[in-house]
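The structure appears right after this line, and notes come after that.
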Amino acid sequence: MIDSIVNITLLSLLAILAFAIIRMRSLFAVIMLFAGFSFISAGLFVAMDAADVAFTEAAVGAGISTILMLATLALTYAPEVHKKEKLPGHKPWLPLAVVLITGGMLIYGTSDIPAFGDPNAPAQQHVAPYYLEKSLSETGVPNVVTAVLASYRGFDTLGEVTVIFTAGIAVLLLIGGRRKKTKNETTEGVNET
Amino acid sequence: MKHNLILKVVSKFLIPLIFLFALYVQFHGDFGPGGGFQAGVIFSAGIILYALVFGVDSAKKVIPLHILRVLASLGVLIYAGTGVASLLLGGNYLEYGVLASTQLAGQHIGIIVIELGVGITVMAVMLIMFFAFAERGRPIEDVEDKEGSQ
Amino acid sequence: MDLIIGHYNYWLVIIIMMAGFYTVISRGNLVKKIAGLNIFQVSVFMLYISIGNVKDGAVPIIEKGVTLYSNPLPHVLILTAIVVGVATTALGLALVVRIKEAYGTIEEDEIHNQDHSL
């Protein structure tokens with residue numbers, strides 16, 4: 001019971017933050033709310049017994065993501081708009097309709113999903129019992145998440161590390177090094193002085 | 001950033017603790033929550049804090065970009081190399097059992113080594129990204145002025 | 001009532017997911033679009049973790065005397081997905097920076113106008 005109350009409270013807070021992010025025009029406030037969103041979702045992951053995931057989300061989502069977004073904001077700063085986004089010119093009926101229809105269909109789809117926390121759900125019956133029973137005797141590692149991550153699904157993790165490495169190279173290629181002033185900007189600078 | 005005395009003192013105190021915690025998370029990941037991904041991010045967070053408080057230039061003296069590039073590829077190499085090592089010892093790719101005399105010891109060595117590879121790559125890539133964003137904002141003339149005045 | 005108790009988690013997650021989706025498709029500012037994309041991403045993580053949750057289960061770290069654990073498999077998938085997610089977010093933000101340098105703006109309609117005024 002107490003689990004449900006904690007879950008509902010955290011999820012409602014997350015929903016409120018998500019709607020506040022839609023409404024908010026100041027980009028700085030949007031990024032700060034997003035950091036809060038990540039922190040609360042980390043709390044939710046703890047409440048749902050996923051300690052490793054919560055750990056990662058708190059460090060990555062609330063820490064690194066926020067720093068990178070703030071850096072982007074600093075780089076794309078334009079004084080005349082005061083770091084605020086423009087109001088969209090058109091009425092939001094089309095996106096609203098798309099979102100409502102998609103959301104309605106997804107919620108309709110959940111009626112077939114086994115109830116939340118059901119120990120007999122198909123997802124709990126597949127390979128998870130094998131990992132929970134055998135991982136300690138087969139790998140000697142009590143943390144099942146680490147055992148599955150590094151040993152049973154080592155190939156998968158190798159792929160993920162390669163993806164991270166590739167993304168790092170791509171960022172370096174895109175914005176690595178100092179920016180050279182383009183011809184346009186230097187002539188503008190001359191005109192101003 | 002000249003007068004933030006409290007910030008500087010507190011972060012000087014905190015940064016070693018952050019590194020220590022990152023190492024704990026890295027090598028205790030088998031027994032408690034944690035592992036290479038989290039440790040790499042926490043370690044890079046320590047250096048990012050240093051860069052925010054003391055400036056990007058002094059952070060780059062601590063860990064220059066060319067070393068970070070080597071580290072990022074080194075982590076992937078360690079991971080993939082563990083697979084090759086187990087191939088050479090007669091097992092399948094990433095089958096750690098053959099790395100030591102018994103299955104359990106081999107698994108343990110394999111898991112610790114590849115978690116180390118993951119941690120190094122994640123740490124280096126996060127810092128590469130942070131430095132790329134932080135450096136982009138400075139126009140090129142800035143540097144030339146500084147060198148001219150020296 | 002059983003339906004509500006058993007599914008409220010999924011419904012709230014889908015509402016958050018749709019809030020992120022709405023931000024992506026209705027807002028023109030590229031930084032805000034990426035924030036929306038991140039909200040969408042986190043809500044997908046929450047969906048996976050709720051599927052792996054077992055009522056009264058423990059954190060999947062083997063301990064004597066504990067018999068019921070949550071499903072570790074979604075945790076593994078999402079753990080790596082979070083770190084890959086931040087790497088791809090950084091890539092998207094790098095593209096935003098380049099767009100700003102090329103067009104001088106990060107508003108979608110202004111970029112569109114510039115493309116069509118040639």
Side-chain angles (χ1 to χ4, degrees), chain A residues 7-8 11 14-15 18-19 21-22 27 30 34 41 44-45 48-53 56-57 60 64-65 68 72-73 75-76 85-86 88-89 92 95 99 103 106-107 110 113 115-117 119 123-124 127-128 131-132 136 142-145 148-149 153 157 160 163-164 167 170-171 174-175, chain C residues 6-12 14-16 18-23 25-29 31-32 35 38-39 42 46 49-55 57-62 69-73 75-76 78-80 82-84 86-91 93-98 100 106-107 109:
Chain A
N7 279 352
I8 290 179
L11 279 166
L14 286 172
F19 284 110
I21 287 174
I22 295 180
L27 289 174
V30 165
F34 178 71
S41 62
L44 185 70
F45 290 145
M48 296 203 276
D49 303 326
D52 291 79
V53 180
T56 320
E57 178 67 32
V60 171
I64 307 281
S65 282
L68 292 179
T72 311
L73 199 61
L75 289 178
T76 56
E85 65 160 336
K86 275 175 52 174
V99 162
L106 282 173
I107 286 181
T110 59
I113 295 183
F116 174 67
Q124 262 67 267
V127 286
Y131 290 145
L132 288 168
L136 191 59
N143 186 351
V144 186
V145 175
V148 176
L149 181 95
R153 291 180 176 252
T157 312
E160 310 269 13
V163 169
I164 295 165
V171 169
L174 278 171
I175 58 168
Chain C
H7 292 82
Y8 68 89
N9 226 324
Y10 304 128
W11 295 340
L12 281 165
I14 286 168
I15 289 171
I16 297 167
M18 287 305 116
F21 187 37
Y22 180 78
T23 318
I25 59 176
S26 78
R27 295 291 182 245
N29 188 294
V31 172
K32 195 155 174 183
N38 266 316
I39 291 173
V42 173
M46 289 190 280
I49 300 293
S50 2
I51 287 173
N53 188 36
V54 175
K55 199 167 192 299
V59 177
I61 296 172
I62 304 288
Y69 297 98
S70 281
N71 191 344
L73 193 56
H75 300 184
V76 175
I78 297 313
L79 174 56
T80 48
I82 288 175
V83 184
V84 171
V86 75
T88 48
T89 302
L91 192 57
L93 290 170
L95 284 170
V96 172
V97 171
R98 287 306 291 260
K100 162 77 180 179
I106 53 169
E107 297 290 339
D109 47 347

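From a predicted model like this one, the values you see are computed outputs, not experimental measurements.
- In this structure, Gln124(A) and Asn71(C) approach most closely via the heavy-atom pair OE1-ND2, 3.2 Å.
- When each of Ala18(A), Ala50(A), Ala167(A) is scored by its heavy-atom pairs under 4.5 Å with chain C, the top score falls to Ala50(A).
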Residue pair Tyr22(C), Ile39(C): steps toward the side-chain contact (heavy atoms from CB on, under 4.5 Å) verdict: CA-CA 10 Å; Tyr22(C) 180 78; Ile39(C) 291 173; over 6 Å; no
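- With chain A as the partner, the residue from Asn38(C), Val83(C), Leu95(C) showing the most heavy-atom pairs under 4.5 Å is Asn38(C).
- The shortest heavy-atom contact between Val59(C) and Tyr69(C) is O-CD2, 3.5 Å.
- Ranked by heavy-atom pairs under 4.5 Å with chain C, the list Thr56(A), Leu174(A), Leu14(A) is led by Leu174(A).
- Using a 4.5 Å cut-off between heavy atoms, Val30(A) contacts chain C through its side chain alone, with no backbone atom that close.
- The two residues Asp49(A) and Pro60(C) make their nearest non-hydrogen contact at O-CD, 3.6 Å.
- Interface summary for chain A: among Ala58(C), Ala94(C), Ala87(C), Ala90(C), the most heavy-atom pairs under 4.5 angstrom belong to Ala94(C).
- A distance-only check finds a donor-acceptor pair linking the side chain of Arg27(C) to the backbone of Ile22(A) [under 3.5 Å].
- Most heavy-atom pairs under 4.5 Å with chain C: of the set Ile113(A), Leu44(A), Thr157(A), Val127(A), this distinction falls to Ile113(A).
- When each of Thr88(C), Leu12(C), Ile78(C), Ile15(C) is scored by its heavy-atom pairs under 4.5 Å with chain A, the top score falls to Leu12(C).
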Residue pair Ile16(C), Met46(C): steps toward the side-chain contact (heavy atoms from CB on, under 4.5 Å) verdict: CA-CA 10 Å; Ile16(C) 297 167; Met46(C) 289 190 280; 4.1 Å; yes
Asp52(A) and His75(C): CA distance, side-chain angles, deciding distance, side-chain contact (heavy atoms from CB on, under 4.5 Å) verdict: CA-CA 7 Å; Asp52(A) 291 79; His75(C) 300 184; 5.7 Å; no
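- Both the backbone and the side chain of Leu68(A) come within contact range of chain C, judged by heavy atoms closer than 4.5 Å.
- Contact annotation for Ile82(C): both backbone and side-chain heavy atoms come within less than 4.5 Å of a heavy atom of chain A.
- Shown here are the ring pair (Phe, Tyr, Trp, His ring centres under 6.0 Å) partners of Phe116(A), two or more places apart in sequence or in another chain: there are none.
- Of the residues considered (Leu91(C), Thr23(C), Ile106(C)), Leu91(C) shows the highest number of contacts with chain A, using heavy-atom pairs under 4.5 Å.
- Considering every non-hydrogen atom in both Leu132(A) and Ser70(C), the closest pair reads CD1-O, 4.2 Å.
- If you measure heavy-atom distances from Val53(A) to chain C, the contacts under 4.5 Å come from both the backbone and the side chain.
- Within the 4.5 angstrom heavy-atom criterion, atoms from both the backbone and the side chain of Leu149(A) approach chain C.
- Ranked by non-hydrogen atom pairs under 4.5 Å with chain C, the options Ala128(A), Pro142(A), Ala123(A) are led by Pro142(A).
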